[in-house]
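The figures that follow rest on heavy atoms only: side chains count, while hydrogens, waters and symmetry mates do not.
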Amino acid sequence: MTAYEPPGTPGPAAPYDAVVLAGGAARRLGGADKPGLRVGGRPLLDRVLAACATATATVVVAEPRETARPVEWAREEPPGGGPLAALDAGLRHVSAEHVVVLSADLPFLDGATVRRLLDALRTGDAPQGPARPDGVLLTDPDGRDQPLVAAYRADALRRELAALAVAHGGVTGLPLRRLTAALDLTRISDPVASFDCDTWDDIAAARARIREHGNVLDEWISAVKDELGIDLDVDTGALLDVARDAAHSVARPAAPLTTFLVGYAAAQAGGGPEAVAEASRKAAALALRWAAEDTPDAKPTSDAKPTSDAKPTADAKPTADAKPTPDAG
């Protein structure tokens, strides 16, 4: 059965686990290490791990590698046994009722999309709600299912994987559609989050997209936070205002220096969005005061300068009459 839902607003967080499939031969990429390919300065795998950072447990099914955040590693037997074998291996390491299943090649997946999938899965939990779906997955612009961008009920996955193993003597080499065909699924269309990188053209398109004017700043901030190990949401608009005020009111080089000092001051104050906002407010106010001193109204007027009347006049200088006369000697 299939139900279609429009994109919704993410709800409150709820416990879930994540299984990320990061194996595969990447034949269409010439055997390249696809999870390690960088988009926006970050490996594809790290971008996906950032999207499911709120998971209670995150299991990556692949050979272990360095990642931006700690994960648990698993491996299907035999290695390269296909997506169902990898999923089965990952599920053995999770215990939550709901599990997000993701591929490692989704450059535009974000936390809001993960929450949206989980919200749609949970809506069936209410007694007066519709029959509980087994999972919620994204579809691409052509309406094709993307079963590796989905949230599932873990018990439903285990049930159908077990049935397939009995019917086929195992799940090695079986396609994902054998599993999804047996599940009651809800589908959500999302042409951006469902975009995956299977070819070099896909990689090039993803790299170009994040450099578009409307995306580049958010992408850069996310990349910097990942690189520095910072998990902090701040008002980037306020920081940009501080940089603008410093550049316009003081000098261009003041912009990066001021934002650095704002960050340092916020850290000294204990960190957090509130500390950043307060430091930004103070720095912006200082920049405006600095600029105010450079206005015509703030400069001393010509009337305030010493005038010629204040200088010694010719009459004040000794005259010939003031010199001693012979009678005074």
Side-chain angles (χ1 to χ4, degrees), residues 18-53 55 58-76 79-87 89-90 100-114 117 137-142 144-150 175-176 190-231:
V19 174
V20 181
L21 307 189
R27 293 183 181 86
R28 296 170 69 185
L29 285 165
D33 174 25
K34 182 161 66 167
L37 293 178
R38 295 178 181 272
V39 173
R42 293 187 290 165
L44 284 169
L45 176 57
D46 282 344
R47 296 178 72 90
V48 173
L49 293 178
C52 60
T58 300
V59 180
V60 179
V61 185
E63 287 296 324
R65 65 171 68 217
E66 184 178 352
T67 53
R69 70 180 185 87
V71 299
E72 185 175 353
W73 296 93
R75 201 70 172 108
E76 73 274 22
L84 285 190
L87 176 57
V100 171
V101 178
L102 306 167
S103 61
D105 60 352
L106 302 164
F108 304 123
L109 183 69
D110 58 16
T113 302
V114 169
L117 289 167
L137 54 75
L138 294 189
T139 59
D140 68 13
D142 296 320
R144 291 188 294 262
D145 286 353
Q146 299 296 316
L148 297 184
V149 199
L176 271 171
D190 191 325
V192 177
S194 64
F195 181 90
D196 56 358
C197 293
D198 290 327
T199 67
W200 287 113
D201 285 345
D202 293 336
I203 294 291
R207 289 172 173 170
R209 180 183 176 87
I210 67 166
R211 285 168 171 76
E212 293 174 0
H213 178 69
N215 302 312
V216 66
L217 187 58
D218 287 340
E219 287 288 347
W220 172 247
I221 294 298
S222 295
V224 172
K225 290 198 295 185
D226 268 11
E227 189 72 15
L228 300 180
I230 298 171
D231 184 16

How long is the span from the [atom1] atom in [X] to the [atom2] atom in [Y], to the nearest 0.5 Å?
X      : Y      : atom1 : atom2 : value
Phe108 : Arg47  : CZ    : CZ    : 7.0 Å
Arg207 : Leu37  : CZ    : CG    : 6.5 Å
Leu137 : Asp145 : CG    : CG    : 5.0 Å
Leu148 : Asp196 : CG    : CG    : 9.0 Å

Closer than 3.5 angstrom, by distance alone: can the side chain of [X] be matched with the main-chain N or O of [Y] as a donor-acceptor pair?
X      : Y      : answer
Asp140 : Asp142 : yes
Gln146 : Ala150 : no
Thr113 : Leu109 : no
Arg42  : Pro107 : no

So, for [X] and [Y], which heavy atoms are closest and what is the spacing to 0.1 Å?
X      : Y      : result
Gly40  : Ile210 : CA-CD1, 2.9 Å
Ala22  : Pro35  : O-CG, 3.4 Å
Val114 : Ala51  : CG2-O, 3.6 Å
Ala205 : Phe195 : CB-CZ, 4.3 Å
Pro141 : Pro191 : CG-CB, 3.4 Å
Gly23  : Ala62  : N-CB, 4.2 Å

**Request:** Scan Leu106, Leu45, Val61, Val71 and name whichever one has a side chain to side chain contact (heavy atoms under 4.5 Å, CB included) with Val20.
**Result:**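 Single pass found, and it is Leu45.
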As a test of understanding, state which of Leu44, Val60, Leu102 forms a side chain to side chain contact (heavy atoms under 4.5 Å, CB included) with Leu49.
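Looking at Leu44, Val60, Leu102, the match for Leu49 under the side chain to side chain contact (heavy atoms under 4.5 Å, CB included) is Val60.
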Note: Lys34-Asp198 ion pair, threshold 4.0 Å (strictly below):
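Between Asp198 and Lys34 there is a salt bridge, with a charged N closer than 4.0 Å to a carboxylate O.
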For Thr199 and Asp201, which I'm curious about, is there any donor-acceptor pair between the side chains at under 3.5 Å?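 Judged by distance alone, the side chains do not pair up.
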As a quick check of understanding, evaluate side-chain contact (heavy atoms from CB on, under 4.5 Å) for Thr67 and Arg65, giving each step before the final call.
CA-CA 6 Å; Thr67 53; Arg65 65 171 68 217; 4.1 Å; yes
